[in-house]
Each structure stands twice: as structure tokens, then as C-alpha cells.
Protein chains: 2
Amino acid sequence: MTDRAKIKDIARRAGVSTATVSRALSDSSLVAEATRERIRDAARTLDYRPNVAARNLRMQRSMSVLLVVRDVCNPFYLDIFKGVEAAARAAGYSVLMGNTENDPDRAREYFDMLRDGHADGMILMTGMLPQDYEQILGGSKARPIVVALELIESSDLPNVHIDNRAAAYRAVKHLIDLGHQRIAHISGPMPEFMSSRRREGYLAAMADAGLPVPAAYDLTGDYSLRTGRELCRQLFSYRDRPTALFLANDEMAFGAINELRQLGFTVPDDVSVVGFDDIFLSEAFYPPLTTVSQPREEIGRRAMEMLLALLGGNDAAPSSVELPTCLKVRASTGPVPGR
Amino acid sequence: MTDRAKIKDIARRAGVSTATVSRALSDSSLVAEATRERIRDAARTLDYRPNVAARNLRMQRSMSVLLVVRDVCNPFYLDIFKGVEAAARAAGYSVLMGNTENDPDRAREYFDMLRDGHADGMILMTGMLPQDYEQILGGSKARPIVVALELIESSDLPNVHIDNRAAAYRAVKHLIDLGHQRIAHISGPMPEFMSSRRREGYLAAMADAGLPVPAAYDLTGDYSLRTGRELCRQLFSYRDRPTALFLANDEMAFGAINELRQLGFTVPDDVSVVGFDDIFLSEAFYPPLTTVSQPREEIGRRAMEMLLALLGGNDAAPSSVELPTCLKVRASTGPVPGR
DNA sequence: ATGAAAGCGCTAACAG
DNA sequence: CTGTTAGCGCTTTCAT
């Protein structure tokens, strides 16, 4: 860790030039088998490890990628981390964590890191481009950037995502099929892509079933436990209470269920609740949450694989991947009361 | 992102040498104000960003640190990530994610990355040293490594942790104070530091209260929901059922509560349950879980700060920090039934 | 199949 | 205050 043997040392020890060492160590075919063995031995006994800074400078690449999320504390990302990390590792890349906390300035820092050569590519899960990058990235292909989970409307960056609208539709349809007619929705933060799509799915399902959506049933939250609770309380202070709730994520669903319990309602006997994401503990929760499950680890893996393809100059790589979701029907939904 | 202005370009444009540019850009005091301005302008108009690979090579440091955990998918780490990331960012460092999946070989890879110069330091939350590093790191101070959460017995590496034993003692004491006498424990994987300490706390509290711990009450799990469920089921198949459970982490506690519900027991009326960690959702769970809360974000922050001190050659830095925990008494614990 | 030499882009003596 | 110069450790022409 301190004295680091360098390529020169090996060269001397093996009685060859540094060039040959470099070639031998990278399995170049133009090194005699005998020499190669000698060099390997020398490297082993000197416990040689190539200096990555030097290699990076010379090769003009860093072998790291940036994984940028809105909020590292969101448990939703865990499996995605895993998928990304696994795919990256398999290809010899390291993963740098980026956390924007929804701050565009912080997002810009990560784009700058890309320019600095700090990372070779980036997986973006923030749904936004910093102002000054919008034009730069807007129309161009082959930027080493993959967007995951979200979609950035102003760009045609390669992306991997799910059909939020269809999945939400399906979730609401499930409630409708159970006989529910008064179904309320609490969405994510509102001018955002993911929240909008999920809400669209809700509205479409309601419309297709000929069910009304009073303004009071169409609420805007922010994916937090807190708004799940508060908006649920608000919802149940009206005369025309809903019999079912569709929340744009599980965390809000947990908040809502908590609040309902506090208000004296039973889930699902009095009120059915559907979430979205199927995060850790959604199944262990009481009652086990009916929710939309998405292949998070695969989203991570695919995103990283697309990025690797981009970095490898593979143009044949698909520029947009849509992964399937699955409605997990569990115990938080049931038939409409009084039927 | 493609054409990258270099220091030479600025030098030419500002009519100075590259050395002066370098100095000006790093706010060296020995540059005339006028020159500095000229250089700054040039850098701005050329949209210059220093190449980190070159800088790293020259400076022999990478400005990144490695954060190595047992399992990225564990929600427990989330706030720690945040603390580490924030402290690192504040100091201009990036954080590389390392995931060992409890595999010593993978752990070794990360140690190698340190030698490679891939990272300048490392925060280790795996509780183990790869075989071949044990001697190397064993006795030495001032290695750029900080151990968090765990303690590595064979070394005196700087560390930040909590008093697992005392916290567990306190949790079990809480149950005893409620009148419970038949208290069982499900520990984490067993020859491990953290699990052992928590179990010791349990055993000590029981011993101090003169309560017996039949072998059947002293179970070994693995921190997973699944073992929480299974061992709980096993526990309640005995004649002498416990009236309270102390689980070594929240996840197992959730599993146990689930199982109890399935077996027809009510928490806390029939059985009280205490967890450990106070992870995301422990409060939103039903019933809200009584558990030991540890300052996770601070653990991350402190660990990073210690690492920065080490990297800065600050010998005055404390080599061991113990952070306080807090027993959160919530609704999963209550008086012993029939009292 | 191997070696000599150039150079990736930057910083830091050293010399003025 | 500023310029010249010498590398950091590696890979890769270009010769041989």
C-alpha cells in the first residue's frame, strides 16, 4: 500500500523493456510465451498492481460510471444499486454514487464530472437535465448517458423504464373490478414525468369505467409517508368518502394505511389501498400491500448494460427499453364494502 | 464533453505559461491579480475543466473513497450512505460503492483498489479483513481505513460504532420492566461481532434480573425476514412460550410479528416485540415497532470525517468514536399478559 | 518478438 | 511574480 512496484521494476527484474511488460500484462499476442511467463512471475513476486491514475490518463478513460439519483435515502433504489453495481463490476467498472437531492445545481456537478473525465458515463435517475446541458444533450445520440426510471422529454437519451401509465391503469382497474367506484388518487409531485404518467393511468381507468373523479379525489402528494397520511386524512374528512385509494408509491400507501387505522377504518374491509413500487417490506407490512412491482434490479442491470454498450461504441444497442411490471394482489385490497 | 480545453490552451490564450495557469487556477498567492483575472477569463470562455486523471496521476491521489458494505440492498445503510456522501462531497471527494455480499474475495478486491490508487481511503462496514491483509493492517495505524458499525478485533483500525451490548441490554431491560420474564432472543449470524454483542446484552440483562434463558430461547438467525418468521414459529411451538421477543434487528422483528399474527397472537397484547436499528418504516409498521435507534447518518458522517482526517495526515483525530443510541418505545411492547 | 521514445494533462521544483 | 523543465506511470506507435 505504500511502496508500489511499478512497471519499470518488473521490466528490470525480468530483463525486458517496459513496453514488453505492458504488453505481456495485457495479454497482447505479440509476446513470446517464455517472456510472458517471466514477466508474470516478476509481477507476482513484486506484487505488482498497475496504477490506475496513470493508465486512466494514458487511456483517456476512468473505468467508472456515475449513478445519479434524486435521493440516496430512498429504499426504492436499493435493488437498482445492486443491478448496476453487479453489471458494472462484471465489466470492470466502478460505480460512483451521485445524490442530487432534487437540486439542479447538484445535478450539474455530476455532468461536470463526466466532462472532467471523472467518470466515463452516467446513469441518470433524476428526470432532469441541468439547464445548460439541455441544448448540448438535447438532440444528440451517443452521449454516454442512460436515463433510468424516468424519461427526459427534451432529449432522446437512451433509457430504460416501465410503462407507468399502463401499470397504474391496471392497478386501478383491479379496484374497479372489485366493485369500487369511489376511488381516490394521491399522486407524486406534479409536473413530473413519473407522477403524471401514473396519474394518467388512474384517470384513464376511471374514465374507461365511466366513473367520476371529483376534484377532491385527485390529490397531489410528494411520495412521502407524511403526505400519504395528511392527504388521506383530508380525503376522509369529506362527506363522500372513497372506498378505495390508489397511491403513486408504497411509502404514501403506508402513510395512508396508518392514518386510516387511526381514523378507525379497517383495510381492506372499509377501504382498499393500492400502492406502487413494491418496495422492501411491502409484503411484510400489515396488511400486506397490493402494489405494482417493477423489476428494479433488472432496471439497474439493463441500464448499466446499455451504458456499457454505449461506451463500447456499440450502435446496435437499443435506445429505449421498456420492462414489464406486475400487479401484486395482496391483502390491502378487497371487495367494496356492503356488497 | 468532447473537445476539452486543456491548460495549454488557456496558457496560449492568456499569453502566459502553463505553470502560471495552474497556479492561478488553484488560487496560489503568487500570481498577479491582473494575470489571474486574465487567466480566469480565458478558462471561462474556453469552458475549461481540469482533467482529473492527469491531476490524479501527478498528485498521487484520486479524491475518491470507497464505501464497502456487506450488502447494498440492506435498507439499513441508506442513511449511512447519505452521511458519508455529504461529508465526502463537502471535502471534494467522491464515493465509490463497494458490495461484498459477505464474500472475503470480493472484500479483497476493494483493498486492492486502494493499492491501485483507485481510491485514497476506505470506509469498511463488513466486519472482516481479507486473509492476506490481516497482518499488513493488523498492527499499523494511519492506514486510510475507517471501520464503521463493526469492529475488527484483529486490528486497531480507527472506527466509529455504537455500544451494541449496552443498547441490547437496555432494550431487554425495557421488557423486564414491563414484567416480562420469558423473553427469547433471535440473534444475527453468530460468530460475528455485532450479533455477539447484542446477544451479550440480552444475556446480561436476563442474568442481572435473575431470569433463566432456556436454550430454546436463545436462537440464531441471520438478520433476514425469513429467519425472523421461521424461528418465531419454532419458538411458539414449544410448551413454554415466551411473552416477549428481542430480535437483533428490525427486519427479523417484522418477520416475527408477521408470524405471530399468523399464529393468532396479538402484538403487544399476547407477545411484546423489540427490534434493533429503527430502519425506515419501523415507525409506520403495525404495530409501530419498539426498537433501538442509532444515529445512522451521523455514523456515516463521522466515519467520513475520520477518514478525511486520516487522509489529511491529522494525527490528533480520535481513533475510536462511540455514538449514543436511543430506545424508541412504541406500540409493539406492552405489559406482560395477565397482569 | 522486442525496445526506444513520445506523450496523456497536470503540478511543482527551480531559476530567474 | 513568472517561465522552464521534469516528471507522475502507463500504453503505444514506430522502428528493428
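Side chains included, hydrogens not; waters and symmetry mates left out as well; all remaining heavy atoms used. In what follows, chains carry the letters A, B, and so on, assigned in the order in which the sequence lines appear, proteins first and then strands, with residues in each chain numbered from 1.
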- [ ] Consider only side-chain N and O atoms of A:Asn56 and A:Ser62, and report whether a donor and an acceptor are under 3.5 Å apart.
- [x]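 Side chains of A:Asn56 and A:Ser62: no pair found under 3.5 Å.
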- [ ] Kindly state which residues belonging to residues 25-41 of chain B come within less than 4.0 angstrom of DNA chain D, counting heavy atoms of the residue only, listed by number.
- [x]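 Of all residues in residues 25-41 of chain B, the ones placing a heavy atom under 4.0 Å from DNA chain D are B:Leu30, B:Val31, B:Ala32, B:Thr35.
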TODO: Please answer whether the main-chain N or O of A:Ala14 pairs with a side-chain N or O of A:Arg38 as donor and acceptor at a distance below 3.5 Å.
DONE: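 Yes; judged by distance alone, with no hydrogens or angles, the pair exists.
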Task: Contact list for DNA chain C against residues 42-64 of chain B - heavy-atom distance below 4.0 Å - done: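 Heavy-atom contacts with DNA chain C come from B:Tyr48, B:Pro50, B:Asn51, B:Ala54, B:Arg55, B:Arg58, B:Met59.
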Task: Spacing between B:His118 atom NE2 and D:dC10 atom P, to the nearest angstrom - done: 15 Å
Qualifying residues under side chain to side chain contact (heavy atoms under 4.5 Å, CB included), relative to [X], sequence neighbours excluded:
X: B:Thr18; result: B:Ile7, B:Lys8, B:Ala11
X: B:Thr45; result: B:Arg13
X: A:Ala86; result: none

Task: Within-4.5 Å side-chain heavy-atom neighbours: A:Val321 and A:Leu323 - done: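 The answer is yes; the side chains approach within 4.5 Å.
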Open item on the list: Any non-hydrogen side-chain atom of B:Leu307 less than 4.5 Å from a side-chain atom of B:Val84?
Closed with: no
Salt bridge between [X] and [Y], side-chain N to carboxylate O under 4.0 Å?
X: B:Asp105; Y: B:Arg108; answer: yes
X: B:Asp41; Y: B:Arg44; answer: yes
X: A:Arg301; Y: A:Glu305; answer: yes

TODO: Name the residue closer to the 5' end of DNA chain D, choosing between A:Thr18 and B:Thr18 according to the nucleotide with the nearest heavy atom.
DONE: B:Thr18
Between side-chain atoms of residues 89-97 of chain A and protein atoms elsewhere (two or more places apart, or another chain), which donor-acceptor pairs fall under 3.5 Å?
from    : atom 1 : to       : atom 2 : distance (Å)
A:Arg89 : NH1    : B:Glu109 : OE1    : 2.6
A:Arg89 : NH1    : B:Glu109 : OE2    : 3.1
A:Ser94 : OG     : B:His118 : NE2    : 3.2

Open item on the list: For chain B and DNA chain C, what are the first and last nucleotides along the strand, 5' to 3', with at least one atom under 4.0 angstrom from a heavy atom of the protein chain?
Closed with: C:dG9 to C:dA13
- [ ] Taking side-chain hydrogen bond (donor to acceptor under 3.5 Å, both in side chains) as the test, write out the residues that go with A:Asp103, two or more places apart.
- [x] none
Open item on the list: Applying side-chain hydrogen bond (donor to acceptor under 3.5 Å, both in side chains), can you list everything that pairs with B:Glu101, at least two apart in sequence or on another chain?
Closed with: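 By the side-chain hydrogen bond (donor to acceptor under 3.5 Å, both in side chains) rule, B:Glu101 matches B:Asn99.
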Open item on the list: Tell me the closest heavy-atom pair linking B:Ile10 and B:Leu25, and the distance in Å.
Closed with: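 Heavy-atom minimum between the residues: CD1-CD2, 4.4 Å.
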Open item on the list: Once side chain to side chain donor-acceptor pair (under 3.5 Å) is applied, what residue pairs with a partner in residues 63-77 of chain B remain, sequence neighbours excluded?
Closed with: B:Arg70-B:Asn102, B:Arg70-B:Glu150, B:Arg70-B:Glu192
For nucleotides 13-16 of chain D, print each protein N/O atom paired with a nucleotide N/O atom at under 3.5 Å, atom names and distance only.
none

TODO: Note down the inter-axis angle between the two ends of the helix from C:dA1-D:dT16 to C:dG16-D:dC1, five pairs each, to the nearest 10°.
DONE: 40°
